[in-house]
Amino acid sequence: MNRTLIQDVLTARKIGESATVAGWVRTVRHSKGGFSFLSLNDGSCFAQLQIVADQSLPNYEAEVLHLSAGCSVVVAGELVASQGKGQAVEMQARELRVLGQCDAETYPIQPKHHSFEFLRTVAHLRPRTNTFGAVARVRNRICSAIHEFFQQRGFLYVHTPIITASDCEGAGEQFGVSTLDPAAPPRDEKGQVDFAQDFFGRRTYLTVSGQLAVEPYCCSLGDVYTFGPTFRAENSNTPRHLAEFWMVEPELAFADLDDDARLAEDFLKFIFSAVLQNCADDLKFFNERVDKTILETLQGIAESEFVRLSYTEAMDILGKANRTWDYPPKWGADLQTEHERFLTEETFHRPVIVTDYPAAIKPFYMYLNDPDEQGRRTVRAMDVLVPKTGEIIGGSQREHRLDVLEGRMSDCGLNRDDYWWYLDLRRYGGIPHAGFGLGLERCVQFCTGMANIRDVIPYPRTPRNAEF
RNA sequence: UCCCCGAUAGCUCAAUCGGUAGAGCGAGCGGCUGUUAACCGCUAGGUUCAAGGUUCGAGUCCUUGUCGGGGAGCCA
């Protein structure tokens, strides 16, 4: 069909021009004067195009008068200056064809307010609403900005596997992948399930991170990034966690943690600027209906410097704070949510990059710092914390010294043989390198103000929920 | 997984001390109207999440379960 997107009609077409548009009716208002007003949305932008359909249309009485919210139509007509308020231009229909009827009695998306909880139960129809259309467009813009940012800087896009054999990537519980019959799996002599007879001849899992798999490409080709789905089988029931989510993981060659933090800050600012620039109508809607601070916050961040401080400095600030804690800050323990919020929302009012966490609470692959004057060991890790969402990025400089890495693996109780290829990178031409992971959905949450992560991904997967 | 809260009409919610289950929106019909969160009138619409229990009587109290929300942990 040779149609014009409503976005183009509203921005690029002039009064007097003809066009054909197609979309879904949002609301219908019939006038006894012999004409009807349709609000038409086709997803190309937030705005609706008002269609004026009058009784000169041959199907006016038979079809137009029976249209309701949700019907799909194709309209050919001419752009005219609107006589009413609320829109500058509208389309005078010359021909209106109904593509799909929509029973108003049973259609779940009524022209009224719905709760996000209810809309989750109709996830296949919620993209027809203002909110979820806007979320989808912002999410898309963020994804294109991610690729733009890295491609402009010469990063290579690398596809890491979804299915992995390493069962100790260190980032959480994993989903097993198997084609064995769960009711009657083959058993070995000890009565254990014999995964040697499974599809891959060994135990396999869905990936919890592409990092380990992308490092070899970084240590061969330079700056790289991976961007794909990630799976965590944690029983997490929060507005910030999904069992299936998307993660961007750049890996910088010949780089340390300072380079990494600088990249993370530039990266987030690039994304926020892109969204501000290209999704103005959607953001205006979020700012009015979802979170009245979202525009101010995004603009403020795009222009301000992120705060940098070490874990030890953060502990000092928290320790001196004049308030009571559910978890009193203590060097050696991880930052609690209340600590993170205090830093971002009450102390600095902007993103904070916390670096150099105690080695004992971080994974084996992070670069080990020299002991401080008190003999405490830290690693070159960083978390980028933002107001409300909390941790949006986690990253580190990687340990590239073979002996130190092997020592850390022993301390963590890991078997070197399982990581022979990972250790090879340090054995043969090892280089300092660093990287981070950005949770895409948390980024979408931050840009839209949507409170629940289940509402920024089309079909959320969470414990006990894989509908649609 | 732990703590707290909730589940009533298609949707959003109300229902006093345990005593006849209501409103708004939406829908249908009619009126009015270059309308646009339209407006006015009428009508239909209920296994009060499920299963037990207490009681003359349960939407309301008790138990268990399911689902949802908020907080925490795990993290992105």
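A, B, ... follow the sequence lines: proteins, then strands. Residue 1 opens every chain.
Remark: B:G30 base-pairs with B:C40; criterion is Watson-Crick or G-U wobble with both hydrogen-bond distances under 3.5 Å. B:G6 is paired with B:C67 under the Watson-Crick or G-U wobble criterion, all donor-acceptor distances under 3.5 Å. With a cut-off of 3.5 Å on both pairing distances, B:G57 has no Watson-Crick or G-U wobble partner at all. Pairing partner, B:C75: none, since no Watson-Crick or wobble contact has both distances short of 3.5 Å. Remark: B:G52 base-pairs with B:C62. Criterion, Watson-Crick or G-U wobble with two distances under 3.5 Å.
Rounded to the nearest Å, the gap between the P atom of B:G45 and that of B:U35 is 35 Å. Separation of the P atoms belonging to B:U60 and B:G71 is 29 Å when rounded to the nearest angstrom. Spacing of P atoms, B:G10 relative to B:G28, comes out at 16 Å, to the nearest Å. Nucleotides B:A72 and B:G59 have their C1' atoms positioned 32 Å apart, rounded to a whole Å. Between B:C49 and B:C11, the distance separating the two P atoms is 13 Å to the nearest Å. Distance check on atom C1': B:A58 versus B:U8 gives 14 Å, rounded to whole Å. B:C13 and B:C29 are spaced 29 Å apart, taking the P atom of each and rounding to whole Å. The separation of B:G30 from B:G18, taken at their C1' atoms, amounts to 43 Å, rounded to a whole angstrom.
Counting any heavy atom pair closer than 4.0 Å across all strands shown, A:Glu90 reaches a base atom. At the heavy-atom level, A:Pro239 lies under 4.0 Å from the strands shown only through sugar-phosphate atoms. Within the nucleic acid shown, A:Thr106 has no heavy atom closer than 4.0 Å to any nucleic acid atom. Looking at heavy-atom distances under 4.0 Å, A:Gln87 makes contact with a base. A:Gly84 comes within 4.0 angstrom of a nucleotide base, judged by non-hydrogen atoms across all strands. The residue A:Arg454 sits close only to the backbone: its heavy atoms come under 4.0 Å of sugar-phosphate atoms, none of a base. Nucleic acid contact class of A:Leu242 (heavy atoms, under 4.0 Å, all strands): base.
In this structure, the CG atom of A:Asp103 is 8 Å from the P atom of B:G28, given to the nearest Å. Note: CD1 (A:Ile453) to P (B:C75) measures 16 Å, nearest angstrom. One can place OH of A:Tyr107 at 16 Å from P of B:G26, the figure rounded to the nearest angstrom. For the pair A:Asn465 CG and B:G68 P, the computed distance is 6 Å after rounding to whole Å. Rounded to whole Å, atom P of B:C11 lies 14 Å from atom CG of A:Leu125. Rounded to whole Å, atom C1' of B:G34 lies 15 Å from atom NE2 of A:His30. Rounded to an integer number of Å, the gap from A:Ile361 CD1 to B:C75 C1' is 13 Å. A:Arg464 places its CZ atom 12 Å from the C1' atom of B:G65, with the value rounded to the nearest Å.
Remark: A:Arg240 is not in phosphate contact with B:C74, judged by side-chain N or O atoms under 4.0 Å from OP1 or OP2. Regarding contacts with the backbone of B:G69, a side-chain N or O of A:Asn452 is found under 4.0 angstrom from either OP1 or OP2. For B:G73, one of the phosphate oxygens OP1 or OP2 lies less than 4.0 angstrom from a side-chain nitrogen or oxygen of A:Gln336. Residue A:Thr238 places none of its side-chain N or O atoms closer than 4.0 Å to OP1 or OP2 of B:A72. Note on A:Arg29: every side-chain N or O is 4.0 Å or more away from OP1 and OP2 of B:U33. For B:U12, the OP1/OP2 oxygens have a side-chain nitrogen or oxygen of A:Ser115 closer than 4.0 Å. Put simply, A:Ser31 has a side-chain N or O that comes within less than 4.0 Å of OP1 or OP2 on B:G34.
Remark: ring of A:Phe37 not stacked against base of B:G34; the cut-offs of centroid gap under 5.5 Å and plane tilt under 30° are not jointly satisfied.
The base of B:C75 is paired with the side chain of A:Arg442 by a donor and an acceptor separated by under 3.5 Å. Contact of A:Glu117 with B:G68 (side chain to base): no donor-acceptor pair of N or O atoms is detected under 3.5 Å. No hydrogens or angles were tested; on distance alone, a donor-acceptor pair under 3.5 Å links the side chain of A:His241 to the base of B:C75. Judged by distance alone, with hydrogens and angles left aside, A:Gln110 brings no side-chain donor or acceptor close enough to the base of B:G26 to form a pair under 3.5 Å. Side-chain atoms of A:Gln50 and base atoms of B:U35 include a donor and an acceptor less than 3.5 Å apart. You won't find any donor-acceptor pair under 3.5 Å spanning the side chain of A:Glu105 and the base of B:G26, going by distance alone. Between the base of B:C75 and the side chain of A:Ser236 there is no donor-acceptor pair shorter than 3.5 Å.
Checked against a 6.0 Å centroid threshold, the rings of A:Phe267 and A:Phe150 count as neighbours. Centroid-to-centroid, the aromatic rings of A:Phe35 and A:His30 stay 6.0 Å apart or farther. Close placement of the A:Tyr225 and A:Tyr157 rings is indicated, their centers lying within 6.0 Å of each other.
For the pair A:Glu249 and A:Gly210, the tightest heavy-atom approach, listed with the atom from each and the gap, is OE1-N, 2.8 Å. Here the closest heavy-atom approach between residue A:Glu90 and residue A:Ser82 is recorded as OE1-OG, 2.9 Å.
In this pair, A:Phe132 and A:Phe116 present their aromatic rings perpendicular. The plane angle is above 60°, beyond the 30 to 60° band.
Ranking B:A27, B:A76, B:G71 by closeness to the A:Phe245 side chain, first place goes to B:A76. For A:Lys112, the side-chain atoms get nearest to B:G24 when compared with the rest of B:G24, B:A76, B:U35. Each of B:C74, B:C11, B:G71 was ranked by its minimum atom distance to the side chain of A:Glu234; first place goes to B:C74. Distances were taken from every side-chain heavy atom of A:Gln83 (C-beta onward) to each of B:G34, B:G28, B:G71; the shortest belongs to B:G34.
None of A:Leu368, A:Thr355, A:Asp356 except one satisfies the side-chain contact (heavy atoms from CB on, under 4.5 Å) rule with A:Thr378; the exception is A:Asp356. Among the candidates A:Leu96, A:Asp54, A:Ile51, the single residue satisfying the side-chain contact (heavy atoms from CB on, under 4.5 Å) test with A:Val64 is A:Leu96. Of the candidates A:Arg461, A:Arg139, A:Arg454, A:Arg139 is the only one forming a salt bridge (Lys or Arg N to Asp or Glu O under 4.0 Å) with A:Glu441.
Donor-acceptor pairing under 3.5 Å is lacking for the side chains of A:Glu244 and A:Thr230.
Across the interface with RNA chain B, nearest-nucleotide mapping of A:Thr337 and A:Ser82 shows A:Ser82 to be the residue nearer the 5′ end. For the pair A:Phe118 and A:Lys362, nearest-nucleotide mapping onto RNA chain B gives the more 5' position to A:Phe118.
Using a 90° window around 0 for the glycosidic torsion, B:C17 falls inside it and is classed as syn.
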